[in-house]
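Please read all numbers here as calculations on a predicted model, not as lab measurements.
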Amino acid sequence: MSHLSFDLMAGENLAILGPNGSGKTTILNLIRGIKEPSRGTVRVQASDEEVAHMPQDYRLALFPWLTFGTHPILYGNFPNGFDDETFDEAVEAFGLAGLRNQPVYSLSGGEQQLLLLSSIMSCRASLYLMDEPFSAVDIKRKGAAIEFVHDRIRDLSASVIFVTHNIQDVGLLASKVLIVSGVPDVVPQLYERQNVENFEETIRDVAGI
């Protein structure tokens, strides 16, 4: 990927949209510092202590033999703080309260993803990096999940950068969209909601979704 350039200010939310293999996850890894750019510079004003990261393979961030209710203890030492009350609110909002005594391995994929989402969003961060955070969640709970993320980052005056294939996620959560094609030397396109009429429809047309 080349010619990539964008800024994200506090309170703005960026969706990264594009086909498989186009470099969406790589962008998150560059921002997180997991990878180094071959050229150019990545500047993140938020310190490592203020960045919360939800990987695409959510199972890698879960401990299957813990119960749902005890799993958040793993995030209790998040450097910038962890809000137990926020976790409880998420569990209620997602309709998962009855699972607190269930071992993580016994949960469905969607329930596991919501457990991790609840934990990540309870970390008191200024920047959230999330790779397809709603991919396994059923439609009924997905709306509640997106609303919860939106309200949480608004209350914290934080920002989120998230990878998605779903234009509805973009419409509900993003103030900016970065569209990557994966084609060498094709410049990724950045669209801002405030500058685009019929934002969701325009993004759908441009992305070919």
Side-chain angles (χ1 to χ4, degrees), residues 1 4-18 22-34 42-56 58 78 80-81 83 86 89-90 93-94 113-114 116-137 139 141-180 188-207 209:
M1 183 185 299
L4 175 63
S5 178
F6 67 88
D7 295 317
L8 190 71
M9 306 301 291
E12 295 180 330
N13 304 321
L14 175 71
I16 304 175
L17 197 63
S22 59
K24 301 185 299 298
T25 296
T26 298
I27 294 173
L28 290 188
N29 289 339
L30 288 169
I31 295 170
R32 190 68 183 94
I34 297 173
V42 178
R43 295 188 180 92
V44 181
Q45 289 187 329
S47 67
D48 289 344
E49 298 176 347
E50 298 175 298
V51 179
H53 182 209
M54 181 173 177
Q56 181 178 13
Y58 51 87
F78 185 76
N80 219 36
D83 296 325
T86 298
E89 291 173 356
F94 303 158
Q113 190 171 42
L114 286 172
L116 182 58
L117 181 65
S118 300
S119 301
I120 293 297
M121 295 310 301
S122 298
C123 295
R124 204 173 295 127
S126 60
L127 176 62
Y128 295 87
L129 304 176
M130 302 194 294
D131 201 340
E132 300 192 37
F134 316 111
S135 59
V137 180
I139 294 176
R141 287 171 169 163
K142 186 176 181 180
I146 293 176
E147 182 179 359
F148 188 88
V149 171
H150 178 274
D151 291 348
R152 173 64 168 166
I153 57 180
R154 179 200 60 201
D155 292 344
L156 291 174
S157 297
S159 294
V160 59
I161 301 176
F162 66 103
V163 168
T164 184
H165 289 279
N166 194 311
I167 195 66
Q168 291 180 328
D169 299 353
V170 173
L172 291 171
L173 191 53
S175 56
K176 293 183 176 180
V177 180
L178 182 69
I179 298 180
V180 293
Q189 299 296 309
L190 183 68
Y191 296 86
E192 298 187 42
R193 183 184 293 272
Q194 64 181 8
N195 296 331
V196 177
E197 293 186 10
N198 302 318
F199 181 71
E200 187 173 335
E201 182 178 336
T202 298
I203 297 302
R204 180 182 287 109
D205 291 341
V206 173
I209 296 177

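- Ser122 and Ser118 make their closest contact through OG-O, 2.7 Å (heavy atoms, listed as atom of the first residue, atom of the second, distance).
- Nearest heavy atoms, Tyr128 versus Ile153: CD1-CG2, 3.8 Å.
- Gln194 and Ser175 share no donor-acceptor pair across their side chains, judged by distance under 3.5 Å alone.
- Salt bridge annotation for Asp131-Lys24: absent, with no cationic side-chain nitrogen under 4.0 angstrom from a carboxylate oxygen.
- The closest side-chain heavy-atom distance from Val206 to Ile179 is below 4.5 Å.
- For Asp83, the side-chain contact (heavy atoms from CB on, under 4.5 Å) partners at least two apart in sequence or on another chain are Thr86, Arg124, Arg152.
- Phe199 is linked by a ring pair (Phe, Tyr, Trp, His ring centres under 6.0 Å) to nothing, counting only residues two or more places apart in sequence or in another chain.
- At distances below 3.5 Å, at least one donor-acceptor pair connects side-chain atoms of Gln113 with backbone N or O atoms of Pro133.
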Side chain to side chain contact (heavy atoms under 4.5 Å, CB included) between Ile27 and Ile161, intermediate numbers included: CA-CA 10 Å; Ile27 294 173; Ile161 301 176; 5.7 Å; no

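- Minimum interatomic distance between Leu156 and Ala125 (heavy atoms only, all atoms of both residues): CD1-O, 3.9 Å.
- Of the possible polar contacts, none joining the Glu132 side chain to the Gln56 backbone as a donor-acceptor pair under 3.5 Å is found.
- Residues Glu12 and Asp7 approach most closely at OE1-O, 4.2 Å, considering heavy atoms.
- Phe78 is linked by a ring pair (Phe, Tyr, Trp, His ring centres under 6.0 Å) to nothing, counting only residues two or more places apart in sequence or in another chain.
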